[in-house]
There are 4 protein chains.
Amino acid sequence: MTDQSVSSTMWPTSNLRNFMSLAVSNLAPGKRLQQKEARRNDIIEAALAEFASQGFTATKLDDVAVRAGIGKGTIYLYFNSKESLFEEVVRCTLFPGREMAESYVEDFEGTATELMVNHFRFIYGFFQNEKVPLLLAIVLAEAARFPQLAQFFFDEMIRPSRQLIQDIIERGIASGEFRASASLIHHQLLISPAVLAAIFNLQFHQQEPIDFAVYSEMHIDFILRGLKA
Amino acid sequence: MTDQSVSSTMWPTSNLRNFMSLAVSNLAPGKRLQQKEARRNDIIEAALAEFASQGFTATKLDDVAVRAGIGKGTIYLYFNSKESLFEEVVRCTLFPGREMAESYVEDFEGTATELMVNHFRFIYGFFQNEKVPLLLAIVLAEAARFPQLAQFFFDEMIRPSRQLIQDIIERGIASGEFRASASLIHHQLLISPAVLAAIFNLQFHQQEPIDFAVYSEMHIDFILRGLKA
Amino acid sequence: MTDQSVSSTMWPTSNLRNFMSLAVSNLAPGKRLQQKEARRNDIIEAALAEFASQGFTATKLDDVAVRAGIGKGTIYLYFNSKESLFEEVVRCTLFPGREMAESYVEDFEGTATELMVNHFRFIYGFFQNEKVPLLLAIVLAEAARFPQLAQFFFDEMIRPSRQLIQDIIERGIASGEFRASASLIHHQLLISPAVLAAIFNLQFHQQEPIDFAVYSEMHIDFILRGLKA
Amino acid sequence: MTDQSVSSTMWPTSNLRNFMSLAVSNLAPGKRLQQKEARRNDIIEAALAEFASQGFTATKLDDVAVRAGIGKGTIYLYFNSKESLFEEVVRCTLFPGREMAESYVEDFEGTATELMVNHFRFIYGFFQNEKVPLLLAIVLAEAARFPQLAQFFFDEMIRPSRQLIQDIIERGIASGEFRASASLIHHQLLISPAVLAAIFNLQFHQQEPIDFAVYSEMHIDFILRGLKA
DNA sequence: CATGAATGAGGGTTCATTCAT
DNA sequence: TATGAATGAACCCTCATTCAT
């Protein structure tokens, strides 16, 4: 195996599922505001579930309302439209992962190899939350007709994700762990197998589920083989 | 470098665009049947264009009919529903690529390395047809709501695609070109970067188009690094 | 009385009600087209009834469809929106009157006084069709929020109406029947009592209906007093 | 000319704009009641502005509340429904004009001609307040669907208005200024040009605004010609 | 008294599907 | 066989009205 040296600092993937609720429920000034915030979260959570199972267009706001246990019109007290609700769902679901990854990479002090390994383990952990790949699939499929969403997704998710990986690669090149030509590698080369596997696992799990534990380690091993000096 | 040794037998990517029309216009018994077949193809081609640019739900059968130059009701003489039309479109668009790839791999007589290189060059050539990645994106996003389509897609596209790659890998292991442990590699590890890059190139080409010529060679190089003995 | 000299050529007000149907049912090429045309008229007639009794905003297209004996969606085969349907209703209801008046004035060969008298008798006859004043009231009330309609109404109804009256006045001045300063008179000064009386008669007929026969002659007499040399 | 003899006692049109506020702020028993009354006026004023610019149906109570600087629910502490609020707005906007006109006519001691002239000058001054004609237009258009409003409007505005004009006419006949047959003249004959001109000026001012100063004097002149002995 | 969050019926509009011609 | 007019269910969104705080 190539990933021998991988060490200590593992990602606590177990609590990834609580990202969203943690992220939104800040301290609230008054009781009224607190409730409003809670209600807003209810809607986002219900919408997430509906979008994930129905796709964007096929999702009915009625169903979102029913699932959230509120009236149909209430949604419009919190969001301007179905589309902006979807954007919020994407934001709330995907942002926490990005932020955690960013701060982890920044603070990490081990070797680049270790960091790369841990970063991808984190990614796989994040994708375990089945909503994430579903949203990714929806965005990938419908981005063309929602330019605003496409821009937002590119700026806030794709670009930062690329930056992280490039940073890690640069660090590895500087330390002599990775080959110099690795700086040219497009980050999609590295991350695509994780994204697609997550999506496939959802959409085709009836046909043939992928064993993420095995798949992810093989992927990481493959990456290290491709990068090593 | 790993990618220099690639040789001779290149794919004639230039005529990839004609796949579909070729694939569908099979021999027809009588003249009447021939016309029916032609009409059916017109519809599929028109539907492909619409599905590709609008997505599944947003595509209107009116527009398909207009583009095909026929009446709206005529579509229902050839297809039972919008959904089954979509399935046919997927089938007709993706099958030819599979079949060409299969016969190519079967007949190839060079090294496994060469074959792998050419196979992926073919895949990238096939994905150049911009309809293909869009259909993939749609299938990936909506598979959950079209179980029949998901099953068909898995059986007819994913499984054969995996088989091909595994065959090539086995051949390379047998010849000593690839490491023995490569037989365990999931084919998605190898193919995902091509699929996702194609989709990204469509949905985010406004943000940052990928140079396929560069990307594909880098991808192939990366694969060979990961597989080599 | 001032209107003594009024003579012969009276307006056949009795058939004013048939304007619309006459105006639209042109000869139709094929049977299919004929039916489409008929259906279109059905919708306009139903819409006229609904708009007249409910006003623009309060009119439900469901009700229009029910009254026309068709499905709700059918309306959109003939009109782009509720607003454009309303425009068509206005056009079909008010145009015939304008055109008849124009050709009558042009062809008339008697004195200006006679012409003025007959013109206003025609106007009162036209307003007997109770739909007309109702549409006028709606336009007057909602024009501000439908600029397109306002423009159309001004160009096609108000301006031509003014032109007719000014023509008659000029003719009377030339013949010495009317005072020279009458050329400065705004046409609204002359026509407003007819318009408002028609509207009042509809909206307040429960309170105190106006006897049009008496009112119109008094109005005409008043006009002649104000114009005479 | 007929309009030169108009004399002295002109209407102080300058302060017509303050009618409304004056009219509503009656003396209030206690301080609490005074505040309630003030709040009520705020709502009416805000509603007037909204109704005038949006029409009845298009006016949103949210906007009224925002404009009044109060909560949305508060409106229902003062009015039973949107409709009754509208009635109150009409009442408060149109009443003051009626009352001022009535007392002016009653107290006037000059000739009937002078009185008629001044009365119409007052009317035109009153209509300068752009809210008035808009409310008139709305009432005219929607009276059929608000029978209660129609009745109120007829009793409180139309009938008194007619009475005033008939009084002036009678006075003129008695003094020999007006022809005897003038007693039969319907008051709408005289007042319609003012009403419609005001409405037209609002709804079609983009197309062709009417110069009220000129128009009103021509109208008055026309009336005197029609009435004179 | 005052608030404003919550409601849910209802409207305009779309579009897959049907069927008479 | 082919058509395209007709349908009507469904969806997003609005807003007058209510009521717990």
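The chains referred to below are lettered A, B, ... by the order of the sequence lines, with proteins before strands, and numbering in each begins at 1.
In this entry the distance linking CD of Glu50(B) with P of dA16(E) reads 11 Å, nearest Å. One interatomic measurement links the two molecules: CD1 of Ile75(D) to P of dT3(E), which rounds to 10 Å at whole-angstrom precision. Atom CD1 in Ile70(C) sits roughly 17 Å away from atom C1' in dC19(E) (whole-Å rounding). Atom CZ of Phe51(D) and atom P of dC15(F) are 13 Å apart (whole Å). Rounded to an integer number of Å, the gap from Asn80(D) CG to dT17(F) P is 10 Å. Taking atom CD1 of Ile43(A) as the reference point, atom C1' of dT7(E) lies 13 Å away to the nearest angstrom. Distance, Asp62(A) CG to dA9(E) C1': 12 Å, rounded to whole Å. Note: NZ (Lys60(D)) to P (dG4(E)) measures 18 Å, nearest angstrom.
Under the 6.0 Å distance and 45° angle rule, Arg39(A) does not count as a cation-pi partner of Tyr78(A).
At the heavy-atom level, Thr59(A) lies under 4.0 Å from the strands shown only through sugar-phosphate atoms.
A donor-acceptor pair is defined here as one N or O able to donate and one able to accept, closer than 3.5 Å; such a pair exists between the side chain of Thr93(D) and the backbone of Val89(D). In this structure, Glu50(B) contributes its side chain and Val64(B) its backbone to no donor-acceptor pair below 3.5 Å.
Within the 4.0 Å cut-off from OP1 or OP2 of dG4(F), not a single side-chain nitrogen or oxygen of Lys72(B) is found. Dashed line: the shortest gap from a side-chain N or O of Arg39(A) to OP1 or OP2 of dA6(E) is under 4.0 Å. At dA6(F), one or more side-chain N or O atoms of Tyr78(C) fall inside 4.0 Å of OP1 or OP2 (strictly under the cut-off).
For Lys82(A), counting side-chain heavy atoms from C-beta on, the closest listed nucleotide (dG12(E), dC12(F), dA16(F)) is dC12(F). In this structure, the nucleotide among dA16(E), dA5(E), dG10(E) sitting nearest to the side chain of Leu77(A) is dA5(E).
Relative orientation of the Phe56(A) and Phe51(A) rings is parallel, given thresholds of 30° and 60° on the angle between their planes.
Taking the nucleotide of DNA chain F with the nearest heavy atom to each of Leu61(A) and Ser81(D), the more 5' of the two is matched to Leu61(A). Nearer the 5' end of DNA chain E, as judged by each residue's closest nucleotide, is the contact made by Gly69(D), out of Gly69(D) and Thr74(C).
Evaluation of the side chain to side chain donor-acceptor pair (under 3.5 Å) test over residues 52-64 of chain A, restricted to residues two or more places apart or in two chains, returns Thr57(A)-Glu142(A), Asp62(A)-Lys72(A).
Here the separation of dT21(F) from dC1(E), taken at their P atoms, is 22 Å to the nearest Å.
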From CA spacing to verdict: salt bridge (charged side-chain N to carboxylate O under 4.0 Å, His left out), Arg67(B), Glu45(B): CA-CA 9 Å; Arg67(B) 188 185 277 265; Glu45(B) 227 167 315; over 6 Å; no

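Defining each end axis of the helix from dA2(E)-dT21(F) to dT21(E)-dA2(F) as the rotation carrying four pairs' C1' atoms onto the next four, with five pairs an end, the two axes are found to diverge by 10° to 10 degrees.
When every heavy atom of Gln203(D) is checked against every heavy atom of Ala150(C), the shortest pair comes out as O-CB, 4.4 Å.
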